[in-house]
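Just so it is clear, the values below take in all heavy atoms, side chains as well, and ignore hydrogens, waters and symmetry mates. These figures come from a predicted structure and were not determined experimentally.
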Amino acid sequence: QAAGAADSTAAAIIALNASGTATAAAAGTKNFVLISDDNSAALYSVSDDGVADEYTGNTFTLVSTFDDAILVSTDLVI
């Protein structure tokens with residue numbers, strides 16, 4: 001992803017919408033998204049709004065962030 005894609009919820013939503021089409025699930029369905037950019041990664045819990053085939057409108061909750069030092073030195077297992 002582009003620089004900064006994992007640095008905020010808004011940036012993550014923009015990057016995810018640009019990456020392809022997400023099929024809307026029933027409202028309240030939760031999933032996890034791990035997004036990385038040039039120097040960090042972020043894990044989000046996503047609650048679907050059930051409205052459209054995109055991430056806009058879904059509720060993103062930041063679970064964890066990872067900096068580039070962790071990403072380079074460690075296998076990330078979730």
Side-chain angles (χ1 to χ4, degrees):
Q1 296 296 332
D7 295 342
S8 71
T9 301
I13 290 170
I14 290 168
L16 289 165
N17 283 338
S19 68
T21 301
T23 302
T29 300
K30 291 190 179 184
N31 62 73
F32 291 91
V33 173
L34 178 65
I35 186 165
S36 63
D37 60 25
D38 62 331
N39 64 1
S40 62
L43 178 65
Y44 290 95
S45 170
V46 181
S47 180
D48 203 301
D49 64 358
V51 176
D53 290 341
E54 61 181 13
Y55 286 94
T56 303
N58 293 349
T59 302
F60 277 62
T61 302
L62 180 63
V63 176
S64 184
T65 58
F66 311 92
D67 66 17
D68 58 345
I70 291 173
L71 297 174
V72 169
S73 64
T74 307
D75 287 334
L76 188 58
V77 179
I78 297 176

Intermediate values then yes/no, side chain to side chain contact (heavy atoms under 4.5 Å, CB included), T65 and S40
CA-CA 7 Å; T65 58; S40 62; over 6 Å; no
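- Both I13 and V33 are part of a single hydrophobic cluster, where members link through side-chain heavy atoms under 4.5 Å apart.
- Here the OH atom belonging to Y55 is positioned 8.5 Å from the CG atom belonging to N17, to the nearest 0.5 angstrom.
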Show me, pair by pair, the donor-acceptor contacts under 3.5 angstrom made by side chains of residues 42-49, not counting sequence neighbours?
residue, atom, partner, partner atom, Å
Y44, OH, S8, O, 3.3
Y44, OH, T9, N, 3.4
D48, OD1, G50, N, 2.6
D48, OD2, A25, N, 3.1
D49, OD1, V51, N, 3.1

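- Follow the hydrophobic side-chain contacts under 4.5 Å out from F60 and you reach I35 in the same cluster.
- Looking only at side-chain heavy atoms (C-beta outward), F66 and L34 come within less than 4.5 Å of each other.
- T61 contributes atom OG1, which lies 6.5 Å from atom NZ of K30 (distance to the nearest 0.5 angstrom).
- By the side-chain hydrogen bond (donor to acceptor under 3.5 Å, both in side chains) test, N31 pairs with no residue at all, sequence neighbours left out.
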